[in-house]
Amino acid sequence: MMKEIVNRLKEKFPVTAEIYQRDDLTFVTVEKKYGVDAVAYLKEYEGFTHLVLLTAVDWLEEGEFQLTYLLNNPKAKHDIGLRVRIDRETAEMQTAHHLWPAVTTYEQELNEMFGISFPGSPRQGHRFILDEAWQGPPPYRRDFDTKKYSEETYFPRPGRSKIDPAEHMKKKLYPEGM
């Protein structure tokens, strides 16, 4: 069934990759310019009426972000992940808020945490996770230096000790030593 859906999708949009993860889960990749139209097609014509999530992966070395629209067809009990790669330096994607109001929240999160812009999305630029005073780069980007940020932002308090995360994990994983 999923191969039939993907074949119909391919008749409408050029699919650059397809992965049949399980019988009920498939991932397809389309170019950025077809992304939201392909999502709309899957919703309107293939029964994927539920947006499960919209998420991003930072492919730092490749200079791209991967957006994944995970959609569910509740009648067929199938999921499809539609993937789109976008340039990391000019991270911008067409909004899909007209398809599901809930996508606005995901777009807002990706804007705030990855710096991905969704022009026209209703809550772009409004903070809801980070503090209003946040001045740093988007913290979910892989090149965000969490340790440096923490050391520059937070001050030492009495009774609190510093630990090296790598040494801490070694002790947790190998309490007897290696």
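Position 1 is the first residue of the sequence; numbering continues from there.
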Closer than 4.0 angstrom, basic N to acidic O: yes or no for [X] and [Y]?
X	Y	value
K10	E18	yes
R142	E61	yes
K170	E167	yes

What's the verdict on ring-ring contact (aromatic ring centres under 6.0 Å, His included) for Y106 and W100, showing C-alpha distance, side-chain angles and the deciding distance?
-> CA-CA 11 Å; Y106 293 112; W100 293 276; over 10 Å; no
Pair T95, E107: side-chain N/O donor-acceptor within cut-off below 3.5 Å =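 Yes, a side-chain donor-acceptor pair sits under 3.5 Å.
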Assess the side chains of R85 and T16: does a donor N or O sit below 3.5 Å from an acceptor N or O?
->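 Side chains of R85 and T16: no pair found under 3.5 Å.
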Side-chain donor or acceptor of E112 paired with backbone N/O of F128 under 3.5 Å | yes
Donor-acceptor contact below 3.5 Å, side chain E31 vs main chain P14 |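 Side chain of E31 to backbone of P14, a donor-acceptor pair under 3.5 Å: no, none is there.
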CA sep, side-chain torsions, deciding dist, call: E151, K148, salt bridge (Lys or Arg N to Asp or Glu O under 4.0 Å) | CA-CA 5 Å; E151 289 172 351; K148 179 181 176 210; over 6 Å; no
At their closest point, which heavy atom of A133 faces which heavy atom of D131, and how far apart are they?
->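 Looks like N-OD1, 2.6 Å.
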Taking all atoms of both residues into account, what is the closest heavy-atom pair of P138 and F144, and its distance?
->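 Nearest pair, atom of P138 first, then F144: O-CB, 3.8 Å.
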Roughly how far apart are [X] [atom1] and [Y] [atom2], rounded to 0.5 Å?
X	Y	atom1	atom2	answer
Y45	I5	OH	CD1	15.5 Å
N111	I129	CG	CD1	10.5 Å
T29	L67	OG1	CG	11.0 Å
N73	D79	CG	CG	9.0 Å

Are V28 and W59 in one and the same hydrophobic cluster, where Ile, Leu, Val, Met, Phe, Trp and Tyr link if side-chain heavy atoms are under 4.5 Å apart?
-> no
Going by the angle between their ring planes, with limits at 30° and 60°, are Y140 and F114 parallel, tilted or perpendicular?
->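 Judged by the thresholds at 30° and 60°, the geometry between Y140 and F114 is perpendicular.
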Should K171 and D164 be marked as a salt bridge (Lys or Arg N to Asp or Glu O under 4.0 Å) after you check the CA-CA gap, both sets of side-chain angles, and the distance that decides it?
-> CA-CA 11 Å; K171 287 178 185 172; D164 178 10; over 6 Å; no
Donor-acceptor list for residues 37-44 side chains, cut-off 3.5 Å, not counting sequence neighbours:
from : atom 1 : to  : atom 2 : distance (Å)
Y41  : OH     : E46 : OE2    : 2.8
K43  : NZ     : L99 : O      : 2.4

With salt bridge (Lys or Arg N to Asp or Glu O under 4.0 Å) as the test, would you mind laying out the steps for D24 and K77 before giving the verdict?
-> CA-CA 7 Å; D24 62 347; K77 300 185 181 352; over 6 Å; no
